[in-house]
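Notes follow the structure.
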Amino acid sequence: MATQRIIDFFKTRHSEGPCLVVDLDIIRENYLGFEKALPQSRIFYAVKANPALEILRVLASLGSCFDTASVAEIKMALEAGATPDRISYGNTIKKERDIARAHALGITLYAVDCLEEVEKIACAAPSARVFCRVLTDGIGAEWPLSRKFGCMPKIAVDVLHHANRLGLEAYGVSFHVGSQQTDPTAWDRALADAATVFKNMAKKGINLKMVNMGGGFPTRYLKDVPTAQAYGMEIFGALSRHFGNRIPETIIEPGRGMVGNAGVIRTEVVLVSRKSDNNNDNIRWVYLDIGKFNGLAETMDEAIRYPIVTPHDGSAVGPCVLAGPTCDSADVMYEKTPYQLPVLLSVGDELFILGTGAYTTTYASVAFNGFEPLRSYVI
Ligand SMILES: *Cc1c(COP(=O)(O)O)cnc(C)c1O
């Protein structure tokens with residue numbers, strides 16, 4: 001969404017390479033929207049989506065908690081004003097010495113998905129609360145996440161039981177239905193699995209307390225997506241179906257859905273060319289000063305398709321391959337499905353890439369080919 005504030009900000013600044021502007025008003029709206037859609041759930045913002053200090057500060061002041069993946073992210077959340085009881089260490093892959101550092105910082109809530117990780121936590125963060133991540137199928141997500149994280153529900157019971165034996169608090173179950181999850185019913189299958197783990201733990205005399213329902217809430221790119229309210233209703237329905245009148249404490253971890261639509265990137269056309277006069281291969285190539293290595297990594301496999309605003313909108317469009325500025329042939333954003341852009345597009349035109357508040361600044365390389373990481377402003 002290019003808000004008036006973002007448009008005004010860009011007007012005051014001359015081009016200095018690609019840059020991202022994030023509007024805090026949109027993030028506030030998103031936070032309040034999640035609160036309204038899922039009033040019973042605590043919100044743990046997934047810091048990795050955009051860790052800008054100003055964003056973390058605003059969210060902390062609104063009462064948000066934080067899902068972190070490293071000691072550095074824990075420190076950022078603390079610096080932004082969150083207390084340790086509002087921070088979870090949600091990465092299932094941690095060095096034991098990092099767990100010890102998190103423990104020293106006061107963190108008491110940790111993710112696990114196997115026995116080995118439970119052992120590390122028992123040593124480095126005694127009596128911590130742990131939740132076990134279960135696998136999901138990722139169907140309906142444009143950026144699936146599971147596979148690498150989580151275990152089968154049956155294993156989760158062993159993992160949590162082991163945690164209990166080692167003096168940790170077996171606290172709950174987590175899952176992530178896949179990022180940019182456009183199907184609100186995707187939570188139903190995962191909540192069914194979570195309820196199974198709760199039942200099987202209860203049979204062992206251990207009562208779990210919490211379900212961490214992860215992120216996955218989408219942001220609008222080229223297509224409309226259901227509202228936060230629609231997700232809230234589906235999720236509440238699924239919780240009731242699978243937990244009856246004993247709905248546990250729940251948390252959600254929105255990343256993309258919290259910050260995605262708050263950001264706009266300004267970029268510049270560097271070159272427009274064709275490679276052949278042969279009719280089969282004369283597609284137009286448009287090269288921007290931003291690509292996969294300085295902010296648009298999520299175009300990998302053409303997974304995320306961003307809306308692009310040009311100075312010629314409304315005039316005739318034609319297909320093009322959209323590519324970045326580096327000397328790496330992987331630095332092509334859209335080719336398998338060419339992007340439709342105005343035929344009038346020319347060198348020096350400024351474009352605005354919308355929906356870029358999430359997973360852009362942190363996915364940028366440091367200086368590949370001498371291109372700077374993505375500059376970012378929060379207003
Ligand atoms: C990345 C991540 C999130 C955020 O996911 P979105 O799809 O951006 O909402 C939430 N939880 C965990 C554990 C994550 O790794």
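First listed ligand is number 1; within each ligand, the first listed atom is number 1. Fair warning: this is a prediction, and the values are worked out from it, not measured in the lab. All values below were derived from every heavy atom in this structure, side-chain atoms included, with hydrogens, water molecules and symmetry-related copies excluded.
- Residues of the protein with a heavy atom under 4.0 Å from ligand 1 are A46, K48, D67, R133, H176, S179, G215, G216, E253, P254, G255, R256, Y359, listed by chain and number.
- Note that K94 lies in the cation-pi zone of Y89, set by a 6.0 Å cut-off to the ring centre and a 45° limit from the axis.
- Of the charged side-chain nitrogens involved, at least one lies within less than 4.0 Å of a carboxylate oxygen, so that E298 and R256 count as a salt-bridged pair.
- Scored by the side chain to side chain contact (heavy atoms under 4.5 Å, CB included) test, A141 finds Q181 as partners (sequence neighbours excluded).
- As a member of the Ile/Leu/Val/Met/Phe/Trp/Tyr network built from side-chain separations under 4.5 Å, F131 groups with F44, L109, Y171, M210, I251.
- Among residues at least two apart or in separate chains, ring-ring contact (aromatic ring centres under 6.0 Å, His included) pairs with a member in residues 189-222 are F34-F217, W187-F217, F198-F243, F217-Y231, Y221-Y306.
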Practice task
For salt bridge (charged side-chain N to carboxylate O under 4.0 Å, His left out), just list the numbers for R305 and E142, CA-CA rounded to whole Å, side-chain angles, deciding distance to a tenth of an Å, and then say yes or no.
Solution key: CA-CA 10 Å; R305 289 180 80 81; E142 286 174 18; over 6 Å; no
